[in-house]
Engineer: 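The structure follows.
The model shown is predicted, which means the values in this text are computed figures rather than measured ones. Just so we're on the same page: letters track the sequence lines, and every chain starts at 1.
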Amino acid sequence: MGTKNRIIFHIDVNSAYLSWEAAYRLQHGATLDLRTIPSAVGGDATTRHGIILAKSIPTKPYKIQTGESLYSARLKCPNLTVVPPRYHLYMQCSKALVSLLEEFSPSIQRFSIDEVFLDYSNMDIHWGDPIDAAHRIKDRIKEELGFTVNIGVSSNKLLAKMASDFEKPDRVHTLFPHEIQGKMWPLPVEELFMVGRATTSKLHKKGIFTIGQLAISDPELLTQWLKSHGRLIWQLANGLEDSPIREDYPVKGLGNSATLPFDAEDRETSHRALLSLTETVAMRLRDIRKFAGVLSISIKDRDFQSYSHQRKLEVPTHSTNILYGIACELFDELWQGQPLRHLGVRASQLHRDDLYQLSFFKGDIERQKALDTAVDKIRAQYGCDSVMRSSFLYSGLSPMMGGVIQEEEYPMMSSLL
DNA sequence: TCTGGGGTCCTAGGACCC
DNA sequence: TCTGGGGTCCTAGGACCC
């Protein structure tokens, strides 16, 4: 990777879930464009998933935040139109976006479902001036896919990402190093990537309110005070960032968690929820041919207090039954008896699933593997609900909890961009 | 019926070893 | 005896991102 004269694009779908929903509905006969009215994509409050996942630009005056409860959003904006999410649709839209972008550069990093970095360095011989090319890309996405994006253009990923966050929608913005003082430093410090709620409040207490004030602070003092994070945000405030576009890199861990439709008050119900989550996690592990080296469970009680417990496995595995057994042991060691709102299961320290160590349990491993393989095949052919454990009948719990099964697992965001 | 679910990375303390 | 110190591994919790 050349360090000089890189040209990086950051493509950010405007109000992604909502735009995708609106585009899909228009293509299927709807006459009203959700993007033109105060509207939001939100979860189902009756099953305690009632939060705002995405909101339209006309909701701006109401100051509704993503992640806020529907209840509170409707207090702020009584005529808010809320539609339920369709994650499979959003993954298809994301995929279509990436496919289109791949025409313009071989070096692309999918940063999240709705954000992509594209390395345009040396691509001007094919597609011309970067700013012109960014406009053409943006316009093609609008025409061919039916939704708008912002494109940020700069010489590194951080600045490109900050640029794409400027005025929306359907815009191309630049933020080259010489523009940092004028365009980025006046912004509130909380708008800097990696400055979240906790850091914002600490910075405010020290009188730092803008990105510029952070940038001219003493990096040594920031480092003493906020450890490595202090140095990181000082560098980002100064536009100093040089990470490469990472086309593919290994997934570090994967997990599923869910807020239950009702509190789990007894051990059996919690175990059943853990089984449901473990089914999904283990199937995903098998799908990417990885063993879990560590299994973690997490719980959240009525007061939103979270606890977690994890264990390194003596023998890494992706067997549903073995992982479920460990999840239950971890749960029994962790749970204090209080009603639980939320449970999670997560696998980390992933290892390749070939070349596993010979052990006394090899016969058992092979037997578990044969069972899992059979179930995976049936589910692939007839759907996830074609095979389920009888304990889920009449339990009020889904046999495979945890969002969407991805077609391809790809790693999501890292703080290193 | 107020508060989701998917990730990555860092820190701090204790165990353990030399 | 009156209290080393460096290194690694493991675990829990918290910060951040979308």
Engineer: Lys227(A) or Arg48(A): which one's nearest nucleotide on DNA chain B is closer to the 5' end?
Structural biologist: Arg48(A)

Engineer: With sugar-phosphate meaning primed atoms plus P, OP1 and OP2, does Ala198(A) contact a base, only sugar-phosphate, or nothing at under 4.0 Å between heavy atoms?
Structural biologist: sugar-phosphate

Engineer: Distance check needed: dA12(C) C1' versus Ile297(A) CD1, whole Å only.
Structural biologist: 13 Å

Engineer: Contact class for Gly344(A) (heavy atom, under 4.0 Å): base, sugar-phosphate, or nothing?
Structural biologist: nothing

Engineer: Asp114(A) has a side chain; which of dA15(C), dC10(C), dC18(C) sits nearest to it?
Structural biologist: dC18(C)

Engineer: In whole Å, I'd like the distance from the CD1 atom of Ile113(A) to the P atom of dG7(B).
Structural biologist: 12 Å

Engineer: May I ask you to evaluate whether Ser257(A) reaches the phosphate of dG4(B), defined as a side-chain N or O under 4.0 Å from OP1 or OP2?
Structural biologist: no

Engineer: Please give, in whole Å, the distance from dG6(B) P to Leu254(A) CG?
Structural biologist: 10 Å

Engineer: Between Lys55(A) and Glu68(A) (salt bridge meaning N to carboxylate O under 4.0 Å), is one present in this structure?
Structural biologist: no

Engineer: Which nucleotide in the set dT8(B), dC10(C), dC17(C) lies at the smallest distance from any side-chain heavy atom of Lys312(A)?
Structural biologist: dC10(C)

Engineer: So, Asn14(A) versus Ser19(A): side-chain donor-acceptor pair below 3.5 Å or not?
Structural biologist: no

Engineer: State whether Lys252(A) places a side-chain N or O below 4.0 Å from either non-bridging phosphate oxygen (OP1 or OP2) of dG7(B).
Structural biologist: no

Engineer: Look at all strands and tell whether Gly196(A) reaches a base, only sugar-phosphate, or nothing, counting heavy atoms closer than 4.0 Å.
Structural biologist: sugar-phosphate

Engineer: Just wondering, do Ser39(A) and Ser56(A) contact through their side chains at under 4.5 Å, heavy atoms?
Structural biologist: yes

Engineer: Report the nucleotide, chosen from dC18(C), dA12(C), dT8(B), that has the shortest atom-to-atom distance to any side-chain atom of Lys161(A).
Structural biologist: dC18(C)

Engineer: Please tell me if Ser112(A) has a side-chain N or O lying less than 4.0 Å from either OP1 or OP2 of dC17(C).
Structural biologist: no

Engineer: Counting side-chain heavy atoms from C-beta on, which of dT11(C), dC9(B), dG7(B) comes nearest to His309(A)?
Structural biologist: dT11(C)

Engineer: Between dG4(B), dC16(C), dT8(B), which one does the side chain of Phe304(A) approach most closely?
Structural biologist: dG4(B)

Engineer: Between dG4(B), dT8(B), dA12(C), which nucleotide has the shortest distance from any of its atoms to the side chain of Gln310(A)?
Structural biologist: dA12(C)

Engineer: Apply salt bridge (Lys or Arg N to Asp or Glu O under 4.0 Å) to Glu265(A) and Arg302(A), showing your working.
Structural biologist: CA-CA 11 Å; Glu265(A) 308 216 14; Arg302(A) 275 182 183 158; 3.4 Å; yes

Engineer: Would you mind classifying the nucleic acid contact of Ala16(A) as base, sugar-phosphate or nothing, using non-hydrogen atoms under 4.0 angstrom?
Structural biologist: nothing

Engineer: Give the rounded distance in Å between these two atoms: NZ of Lys157(A) and C1' of dC18(C).
Structural biologist: 15 Å

Engineer: What nucleic acid atoms does Ser306(A) come within less than 4.0 Å of, heavy atoms only: base, sugar-phosphate, or nothing?
Structural biologist: nothing

Engineer: Go through the steps to decide whether Lys161(A) and Glu241(A) satisfy the test salt bridge (Lys or Arg N to Asp or Glu O under 4.0 Å), and finish with yes or no.
Structural biologist: CA-CA 11 Å; Lys161(A) 181 163 167 53; Glu241(A) 195 274 322; over 6 Å; no

Engineer: Whole angstroms only, please: what is the CG-C1' distance between Leu75(A) and dT1(B)?
Structural biologist: 13 Å

Engineer: Tell me which of His49(A) and Ser69(A) sits closer to the 5' end of DNA chain B, going by the nucleotide each one is nearest to.
Structural biologist: Ser69(A)

Engineer: Examine distances only and state if a side-chain atom of Asn238(A) and a backbone atom of Leu240(A) form a donor-acceptor pair shorter than 3.5 Å.
Structural biologist: no

Engineer: Look at Arg302(A) and dT3(B) and indicate whether a side-chain polar atom (N or O) is within less than 4.0 Å of OP1 or OP2.
Structural biologist: no

Engineer: Taking side chain as C-beta onward, heavy atoms only, is Leu70(A) less than 4.5 Å from Ile52(A)?
Structural biologist: yes

Engineer: Does Asn256(A) make a side-chain N or O approach to OP1 or OP2 of dG6(B) shorter than 4.0 Å?
Structural biologist: yes

Engineer: Does Thr373(A) offer a backbone N or O that forms a donor-acceptor pair with the side chain of Arg286(A) under 3.5 Å?
Structural biologist: no

Engineer: Measure from CD on Glu191(A) to P on dC16(C) and round the result to the nearest Å.
Structural biologist: 15 Å

Engineer: Output the rounded distance in Å from CD (Glu333(A)) to C1' (dA12(C)).
Structural biologist: 14 Å

Engineer: Choose from dT11(C), dG4(B), dG7(B) the nucleotide whose nearest atom is closest to any side-chain atom of Arg346(A).
Structural biologist: dG7(B)

Engineer: Measure the shortest side-chain to side-chain distance between Phe111(A) and Ile245(A) over non-hydrogen atoms and say whether it is less than 4.5 angstrom.
Structural biologist: no

Engineer: Return the nearest nucleotide to the side chain of Arg284(A); candidates are dG13(C), dG7(B), dG5(B).
Structural biologist: dG7(B)

Engineer: Looking at every strand, decide which applies to Val294(A) at a 4.0 Å heavy-atom threshold: base, sugar-phosphate, or nothing.
Structural biologist: nothing

Engineer: Has His229(A) got a side-chain N or O lying under 4.0 Å from the OP1 or OP2 atom of dC9(B)?
Structural biologist: no

Engineer: Can you sort out which residues in residues 51-59 of chain A have a heavy atom within less than 4.0 Å of DNA chain B? Ascending by number, please.
Structural biologist: Ile51(A), Leu53(A)

Engineer: With pairs taken as Watson-Crick or G-U wobble and both distances under 3.5 angstrom, which stems of at least three consecutive pairs involve DNA chain B?
Structural biologist: B:5-18 with C:5-18

Engineer: Pick the P atom in dG14(B) and in dG4(C), then give their distance to the nearest Å.
Structural biologist: 15 Å

Engineer: Run Leu101(A) and Phe117(A) through side chain to side chain contact (heavy atoms under 4.5 Å, CB included) and show every step you take.
Structural biologist: CA-CA 10 Å; Leu101(A) 293 174; Phe117(A) 289 104; over 6 Å; no

Engineer: For the pair made of CZ in Phe193(A) and P in dC16(C), what is the distance, rounded to whole Å?
Structural biologist: 12 Å

Engineer: When you measure from the side chain of Ser228(A), which nucleotide among dG5(B), dC10(B), dC10(C) comes out closest?
Structural biologist: dC10(B)

Engineer: Are the side chain of Thr174(A) and the backbone N or O of Phe176(A) linked by a donor-acceptor pair below 3.5 Å?
Structural biologist: no

Engineer: Side chain of Met194(A): nearest nucleotide among dT3(B), dG5(B), dC16(C)?
Structural biologist: dC16(C)

Engineer: Determine the contact category for Thr46(A): base if any of its heavy atoms lies under 4.0 Å from a base atom, sugar-phosphate if only primed atoms, P, OP1 or OP2 are that close, otherwise nothing.
Structural biologist: base

Engineer: Taking the side chain as every heavy atom from C-beta outward, state whether His204(A) and Val189(A) have any atom pair closer than 4.5 Å.
Structural biologist: yes

